[in-house]
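A short write-up of the structure that comes next.
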Amino acid sequence: MSRFDDLLKAKKLKPGEPDLEPAPAPALPKSKDPNFVRATVYLPKQMHRDLKSAAAQSGEEISELVEKSVAQYLQQLSGNKNI
């Protein structure tokens, strides 16, 4: 008996019911998504270490943290123009 037998037994199909649900389309990796571009930035070594550590602790990628930080900065910048 395989370890998947219980899973197969758990999903009992009714007559005429399709045996598989269509899988959602996988999201494009950002490197292939035409809405994203690669940007190179230079950071002080300690800042890069801290950023890498923060990404590891949060479970996010460095690029996600940078994207959020830049978006927040731009939002603050545009908010300051309205004063």
Nearest-0.5 Å distance that lies between atom CG in Leu51 and atom OG in Ser69: 7.5 Å
Spacing of Gln57 atom CD and Leu65 atom CG [to the nearest 0.5 Å]: 10.5 Å
Name the atoms and distances for all side-chain donor-acceptor pairs under 3.5 Å in residues 34-48, with sequence neighbours left out.
unit_1	atom_1	unit_2	atom_2	d
Asn35	ND2	Asp33	OD1	3.3
Gln46	OE1	Arg49	NH1	3.2
Gln46	NE2	Asp50	OD1	2.9

Atom CD of Gln75 with >12 non-hydrogen neighbours under 6.0 angstrom: no
Salt bridge (charged side-chain N to carboxylate O under 4.0 Å, His left out): pairs with one or both residues in residues 62-76, sequence neighbours excluded: Lys30-Glu67, Glu60-Lys68
